[in-house]
Amino acid sequence: MPKAKGKTRRHKYSYNLNRKRLYRSARRRAAPRIACSHIRHAWDPHKSVAQNLAEMGLAEDPNKAVPIPKKLLGMEVESDGQQPGKKIVRKPYVVNEMELEASLPEKKSNTLSRDLIDYVRYMIQNHGENYKEMARDEKNYYQDTPKQIKRKINVYKNFYPEEYKNFIASLKAEKMEVQ
């Protein structure tokens, strides 16, 4: 049985179809993606972005929120002493929670792989501070240069200072026992 003619034919691109309108309507329906959980919980989907941010006490446009004084621009303007009307903040807890979260100290997430720690400890244990010997060692699988090995050891010292001190102290104790 012969094949149908239209099945094997290549589909042509339709230049007259307006795809922007299709994408734009899909974007309009989707809610904005909000990264901060405090803002996400206080967000009202029935209000505009400007209205939501104004209720939280946040600025929509940073240029309007913190204007550059005219003096800095080289123009001096006399002010009549009146400040423009301040907006009412209905959800101040959002800003307070964000400030509290920002004031918390950041956790250090610097860690090294177990393989790198073992490599550095092996090199220090067998060669001490002689980086040229370390570069020639058979366990130097990645053929690191003396400077690269020194850098790795310094990273280990900075990430785990207490562990490094204890390791060096144990090496000195072993040397004392051997003698």
_Count I, L, V, M, F, W, Y as connected when their side-chain heavy atoms are under 4.5 Å apart, and connections chain through other members. Are Val95 and Leu100 then in the same cluster?_
no
*Test Met56 against Val89 for side-chain contact (heavy atoms from CB on, under 4.5 Å), laying out the working first.*
CA-CA 6 Å; Met56 293 177 212; Val89 178; 6.0 Å; no
*To the nearest 0.5 Å, what is the distance between OG (Ser103) and CE (Met98)?*
12.5 Å
*Non-neighbouring partners of His41 that pass side chain to side chain contact (heavy atoms under 4.5 Å, CB included), sequence neighbours left out*: Ser37
*For Glu99 and Asn96, indicate whether the former's side chain and the latter's backbone hold a donor-acceptor pair under 3.5 Å.*
no
_For Arg90, I'd like to know if atom CZ has over 12 heavy atoms of other residues, nucleotides or ligands within 6.0 Å._
no
*Test item: side-chain donor near acceptor, Tyr156 and Glu163, under 3.5 Å*: yes
*For Leu112 and Leu116, which heavy atoms make the closest approach, and how far apart are they?*
CD2-CD2, 3.9 Å
*asked:* Tell me whether Asn52 contacts the main-chain N or O of Trp43 through its side chain, where contact means a donor paired with an acceptor under 3.5 Å.
replied: no
*Closest heavy-atom pair and its distance - Ile124, Phe167*: CG2-CE2, 3.8 Å
_Using the side-chain hydrogen bond (donor to acceptor under 3.5 Å, both in side chains) criterion, which residues pair with Lys47? Sequence neighbours excluded._
Glu55
*Candidate pair Tyr131 and Glu133, rule side-chain hydrogen bond (donor to acceptor under 3.5 Å, both in side chains), full reasoning*: CA-CA 5 Å; Tyr131 300 110; Glu133 265 186 46; over 6 Å; no
*Roughly how far apart are Ser170 OG and Gln125 CD, rounded to 0.5 Å?*
7.5 Å
*asked:* Using side-chain contact (heavy atoms from CB on, under 4.5 Å), reason through Ile153 and Met134 one step at a time and then give a plain yes or no.
replied: CA-CA 11 Å; Ile153 292 172; Met134 291 180 195; 3.8 Å; yes
*Using a cut-off of 6.0 Å, state whether more than 12 heavy atoms not belonging to Lys150 lie near its atom NZ.*
no
_On the six-membered ring of Tyr122, is Lys139 placed so that its NZ or CZ lies under 6.0 angstrom from the centre and within 45° of the ring axis?_
yes
*What closest approach, in Å, do Pro146 and Lys132 show between heavy atoms, and which atom pair accounts for it?*
CG-CA, 4.1 Å
*Determine whether Ile117 and Phe159 make a side-chain contact, defined as any pair of heavy atoms from C-beta on separated by less than 4.5 Å.*
no
*Can you find a side-chain donor-acceptor pair between Tyr119 and Asn140 that sits under 3.5 Å?*
yes
*Where do Lys152 and Val120 come nearest, in terms of heavy atoms and distance?*
O-CG2, 4.1 Å
*Establish, from distance only, whether the side-chain atoms of Gln143 and Tyr141 form a donor-acceptor pair under 3.5 Å.*
no
*Which heavy atom of Ala42 sits nearest a heavy atom of Val94, and at what distance?*
CB-CG2, 3.5 Å
_Taking every non-hydrogen atom, the tightest pair across Leu53 and Glu60_ = CD1-CA, 3.9 Å
